[in-house]
Visitor: 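I'd like to ask some things about the structure below.
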Amino acid sequence: CCMFPSRRFTTTLITTKNRQINTRSLRTSGLTAGCYFRSTTLKAGLKTSPETKAGSKQMEEKVFHCGRSTRALKSDIFTLEYPIFALDGKTQDSPLHYEHKGITIDITVKENSEGIGRATIKDKEILMFCFSQMMHQNVLETEKTYMASFTIYDFLMSVGRGVSGANYQQVFDGLKRLSHTYVLTNHLFNGRRNYQSFSLIDKYEVSETLGYSTITITLGSWLTRQAIATPKKILTLRSDYLTLKRALERKVYEFYRKR
């Protein structure tokens with residue numbers, strides 16, 4: 001669906017919940033929003049460990065590329081209605097238990113050796129940035145694993161943040177919080193219930209290509225099930241949502257948007 005103007009060898013860091021794997025990979029630059037590309041790992045001349053094989057298999061799946069966008073963001077109803085995201089990054093490992101009208105939610109931070117704390121409402125921008133573009137392109141049609149990629153520069157420009165080193169670090173920290181924040185709930189997602197805790201993103205990888213930092217994330221089924229539900233459990237946020245700089249302002253708006 002798109003052209004591949006240039007290819008270059010890079011080193012990719014695959015980050016999963018349990019390990020970090022350094023591999024040599026072939027990345028494609030010059031992609032446009034809405035395109036798919038296939039990420040391929042080089043194997044010739046390399047001894048491949050079981051961990052690297054697992055990472056390679058995942059990397060061979062199709063990835064939806066998200067470009068710079070000015071479209072209004074979309075959010076799933078589950079995180080609009082319930083306090084899944086912390087209001088600031090100061091919240092550490094303290095578990096959260098929430099109960100309302102028969103719905104129970106337990107949120108914990110696992111494998112948190114760096115003390116990064118729970119995912120915040122600002123970190124949610126990463127999910128909404130990818131999710132909104134995939135919804136616009138009608139990508140989320142069936143319940144399966146979906147992967148999305150974007151450059152940090154395009155993400156920062158789209159959500160109105162700066163592009164300093166500190167802003168880049170905020171994205172890296174946000175990805176860590178999203179992958180280490182786990183939710184256990186009896187809430188139904190498209191008529192189905194998860195009986196095990198799930199992280200807000202299944203995993204992510206960071207790669208450097210031609211000077212650009214590219215992120216690839218794997219979306220969880222808890223999110224994609226809401227996109228394919230009938231009716232969809234998705235709402236479009238007002239266009240100036242990102243101008244709400246205070247976390248509490250965003251949460252109050254989200255709560256009333258759901259109402």
Visitor: Would you please test Leu219 and Leu127 for side-chain contact (heavy atoms from CB on, under 4.5 Å) and show each step?
Guide: CA-CA 8 Å; Leu219 301 178; Leu127 284 177; 4.0 Å; yes
Visitor: Can you list the residues that meet the side chain to side chain contact (heavy atoms under 4.5 Å, CB included) rule with Glu99, with sequence neighbours excluded?
Guide: His97, Thr104
Visitor: Give, for atom CG of Leu242 and atom OG of Ser158, the distance between the pair rounded to the nearest 0.5 Å.
Guide: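 Here the interatomic distance stands at 9.5 Å.
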Visitor: How far apart are the closest heavy atoms of Ala148 and Met134, and which atoms are they?
Guide: CB-SD, 3.8 Å
Visitor: Honestly curious: do Tyr82 and Leu96 fall in one hydrophobic cluster under the side-chain, below-4.5 Å linking rule?
Guide: yes
Visitor: When the aromatic ring centroids of Phe189 and Phe78 are compared, is their separation below 6.0 Å?
Guide: yes
Visitor: Is there a side-chain contact between Leu223 and Tyr146 (heavy atoms, below 4.5 Å)?
Guide: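 No, too far: nothing below the 4.5 Å cut-off.
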Visitor: Search all heavy atoms of Lys110 against all heavy atoms of Ser197 and return the closest pair with its distance.
Guide: NZ-OG, 3.0 Å
Visitor: Do you know which two heavy atoms are closest between Gly67 and Phe129, and how far apart they sit?
Guide: O-CZ, 3.3 Å
Visitor: Just so I know, are the side chains of Thr218 and Ile201 near enough to count as touching, which here means a heavy-atom distance under 4.5 Å?
Guide: no
Visitor: Please round to the nearest 0.5 Å and tell me the distance separating atom CZ of Arg225 and atom NZ of Lys233.
Guide: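 So the CZ of Arg225 and the NZ of Lys233 are separated by 14.5 Å.
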Visitor: Residues two or more places apart in sequence or in another chain: which of them pass ring-ring contact (aromatic ring centres under 6.0 Å, His included) with Phe85?
Guide: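 By the ring-ring contact (aromatic ring centres under 6.0 Å, His included) rule, Phe85 matches no residue at all.
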Visitor: So Tyr241 and Met128, side-chain contact (heavy atoms from CB on, under 4.5 Å) or not? Walk me through it.
Guide: CA-CA 12 Å; Tyr241 169 83; Met128 293 192 295; 3.6 Å; yes
Visitor: Listed by chain and number, what are the salt bridge (Lys or Arg N to Asp or Glu O under 4.0 Å) partners of Lys124, not counting sequence neighbours?
Guide: Glu254
Visitor: Check the pair Ser75 / Leu235 against side-chain contact (heavy atoms from CB on, under 4.5 Å), numbers first and verdict last.
Guide: CA-CA 6 Å; Ser75 174; Leu235 292 176; 5.9 Å; no
Visitor: Quick check: are there more than 12 heavy atoms from other residues, nucleotides or ligands sitting under 6.0 Å from OH of Tyr212?
Guide: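 Incorrect, the count does not exceed 12.
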Visitor: How close do Gly117 and Thr181 get, heavy atom to heavy atom, and via which atoms?
Guide: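 Taking Gly117 first and Thr181 second, the nearest heavy atoms are O-OG1, 4.2 Å.
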Visitor: Roughly how far, to the nearest 0.5 Å, is the CD1 atom of Ile107 from the CD1 atom of Ile84?
Guide: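 Here the rounded value is 4.0 Å.
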Visitor: Considering non-hydrogen atoms only, spot the tightest contact between Ala227 and Ile234 and give its length.
Guide: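 It is CA-CG1, 4.0 Å.
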Visitor: Which residue pairs pass the side-chain hydrogen bond (donor to acceptor under 3.5 Å, both in side chains) test when at least one of the two sits in residues 242-252, sequence neighbours left out?
Guide: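 Sorted result for residues 242-252: Glu125-Arg250.
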Visitor: Tell me, which pairs form a salt bridge (charged side-chain N to carboxylate O under 4.0 Å, His left out) where one or both residues lie in residues 76-87, sequence neighbours left out?
Guide: Glu81-Lys258
Visitor: When rounded to the nearest 0.5 angstrom, what distance separates NZ in Lys203 from CG in Leu175?
Guide: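 Rounded to the nearest 0.5 Å, the NZ-CG separation comes to 14.0 Å.
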Visitor: For Leu248, give me all partners under side chain to side chain contact (heavy atoms under 4.5 Å, CB included), at least two apart in sequence or on another chain.
Guide: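 So Leu248 forms a side chain to side chain contact (heavy atoms under 4.5 Å, CB included) with Leu87, Val252.
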Visitor: Partners of Lys176 by side chain to side chain donor-acceptor pair (under 3.5 Å), sequence neighbours excluded?
Guide: Glu114
Visitor: Among residues at least two apart in sequence or on other chains, which ones pass side chain to side chain contact (heavy atoms under 4.5 Å, CB included) with Thr236?
Guide: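 Testing Thr236 for side chain to side chain contact (heavy atoms under 4.5 Å, CB included), a comparison that skips the adjacent residues, returns Ala72, Lys74.
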Visitor: Sorted by first residue and then second, give each salt bridge (charged side-chain N to carboxylate O under 4.0 Å, His left out) pair with at least one member in residues 164-173; sequence neighbours left out.
Guide: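 Counting only pairs at least two positions apart or across chains, no salt bridge (charged side-chain N to carboxylate O under 4.0 Å, His left out) contact touches residues 164-173.
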Visitor: Asn167: which residues meet the side chain to side chain contact (heavy atoms under 4.5 Å, CB included) condition with it, sequence neighbours left out?
Guide: Leu156, Arg161, Ser164, Gln170
Visitor: Among the clusters formed by ILVMFWY side chains lying less than 4.5 Å apart, do Ile77 and Ile228 turn up in the same one?
Guide: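 Shared cluster, no.
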Visitor: So, the side chain of Thr108 versus the backbone of Pro95: is there a donor-acceptor pair under 3.5 Å, distance only?
Guide: no
Visitor: CG/Leu73 to CE/Met135 distance, rounded to the nearest 0.5 angstrom?
Guide: 12.5 Å
Visitor: Under a 4.5 Å side-chain heavy-atom rule over Ile, Leu, Val, Met, Phe, Trp and Tyr, are Val163 and Val206 clustered together?
Guide: yes
Visitor: Is Ile105 reachable from Leu184 through a run of I, L, V, M, F, W or Y residues, each pair having side-chain heavy atoms under 4.5 Å apart?
Guide: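 Not linked; separate clusters.
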Visitor: Using a 4.5 Å cut-off on heavy atoms from C-beta on, say whether the side chain of Trp222 contacts that of Thr79.
Guide: yes
Visitor: Suppose we screen for salt bridge (Lys or Arg N to Asp or Glu O under 4.0 Å). Which residues come up paired with Arg238, at least two apart in sequence or across chains?
Guide: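 With neighbours one apart ignored, the set is Asp240.
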Visitor: Nearest 0.5 Å, please: how far is CZ in Phe64 from SG in Cys130?
Guide: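 Answer rounded to 0.5 Å: 9.0 Å.
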Visitor: Identify, with sequence neighbours excluded, every residue that meets side chain to side chain donor-acceptor pair (under 3.5 Å) alongside His187.
Guide: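 His187 satisfies side chain to side chain donor-acceptor pair (under 3.5 Å) with no other residue.
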Visitor: Please name the residue in the list Val63, Asp202, Ile217 that meets the side chain to side chain contact (heavy atoms under 4.5 Å, CB included) test with Met147.
Guide: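 Of the listed residues Val63, Asp202, Ile217, the side chain to side chain contact (heavy atoms under 4.5 Å, CB included) partner of Met147 is Val63.
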Visitor: Can you name the closest pair of heavy atoms from Ser149 and Thr214 and give their distance?
Guide: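 Heavy atoms only, the tightest pair is CB-CG2, 4.4 Å.
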Visitor: Are the side chains of Asp123 and Leu200 in contact, using a 4.5 Å heavy-atom criterion?
Guide: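 Heavy-atom side-chain distance check fails, nothing below 4.5 Å.
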Visitor: Quick one, Thr185 with Tyr98, criterion side-chain contact (heavy atoms from CB on, under 4.5 Å). Give me CA distance, side-chain angles, the key distance, then yes/no.
Guide: CA-CA 9 Å; Thr185 178; Tyr98 175 87; over 6 Å; no
